[in-house]
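Here the structure is laid out as structure tokens; the discussion comes afterwards.
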Amino acid sequence: MYEALCLSALQEGESAYVTGVNAGPAMDRRLTDLGLVRGTRVTCVLRSPAGDPCAYLIRGALIALRRTDAEGITLERQAQAVPAEAVTT
């Protein structure tokens with residue numbers, strides 16, 4: 001099972017894979033040039049103390065993005081399994 005989220009929702013140390021970019025024509029081009037294309041793995045490396053911007057590891061490069069730009073990038077990651085004892089019927 002996979003979970004959909006936007007890039008700004010990643011916490012430090014979490015990774016996910018790009019499924020789409022929708023940030024406006026100029027920003028779409030810039031993000032594509034940086035390597036943010038479908039299937040690219042992105043890892044949140046560092047959040048600033050105020051939470052904006054954040055630094056992401058993208059294809060070996062550390063890129064800082066503002067929250068407004070990161071919200072236009074959709075990701076998919078494997079959902080974490082729920083322990084059997086936590087599931088009630």
Side-chain angles (χ1 to χ4, degrees):
M1 175 176 275
Y2 290 93
E3 172 185 16
L5 64 155
C6 67
L7 182 57
S8 62
L10 279 183
Q11 298 300 313
E12 281 188 42
E14 291 183 327
S15 296
Y17 294 90
V18 175
T19 57
V21 176
N22 186 18
M27 186 53 82
D28 278 356
R29 175 61 189 250
R30 181 167 160 33
L31 294 173
T32 300
D33 289 346
L34 290 171
L36 277 167
V37 294
R38 184 176 184 83
T40 299
R41 182 179 177 172
V42 178
T43 304
C44 181
V45 176
L46 182 67
R47 289 187 168 281
S48 70
D52 193 27
C54 294
Y56 302 96
L57 186 62
I58 304 167
R59 296 183 180 259
L62 194 60
I63 307 294
L65 292 174
R66 294 176 294 187
R67 179 176 290 138
T68 55
D69 297 327
E71 287 175 350
I73 301 166
T74 56
L75 306 172
E76 187 176 78
R77 68 177 169 197
Q78 191 166 8
Q80 295 177 353
V82 177
E85 60 272 3
V87 178
T88 59
T89 55

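Values below: every heavy atom of this structure, side chains too, minus hydrogens, waters and symmetry copies.
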May I ask you to list the residues sharing a hydrophobic cluster with Leu65, side-chain cutoff 4.5 Å, ordered by chain and number? Leu5, Leu7, Leu10, Val18, Val21, Met27, Leu31, Leu34, Leu36, Val42, Tyr56, Ile58, Ile63, Ile73, Leu75
Would the distance check show the side chain of Ser8 and the main-chain N or O of Ala70 forming a donor-acceptor pair, the cut-off being under 3.5 Å? no
Distance col, row Glu12:CD vs Cys44:SG, nearest 0.5 angstrom, shows 5.5 Å
Residues at least two apart in sequence or cross-chain that pass salt bridge (Lys or Arg N to Asp or Glu O under 4.0 Å) with Arg66, listed by chain then number, are Asp69
Quick check: closest heavy atoms across Glu71 and Cys6, and the distance to 0.1 Å? O-CB, 3.8 Å
Contacts satisfying side-chain hydrogen bond (donor to acceptor under 3.5 Å, both in side chains) that involve residues 33-45 (not counting sequence neighbours) are Ser15-Arg41, Ser15-Thr43, Arg29-Asp33, Thr40-Arg59
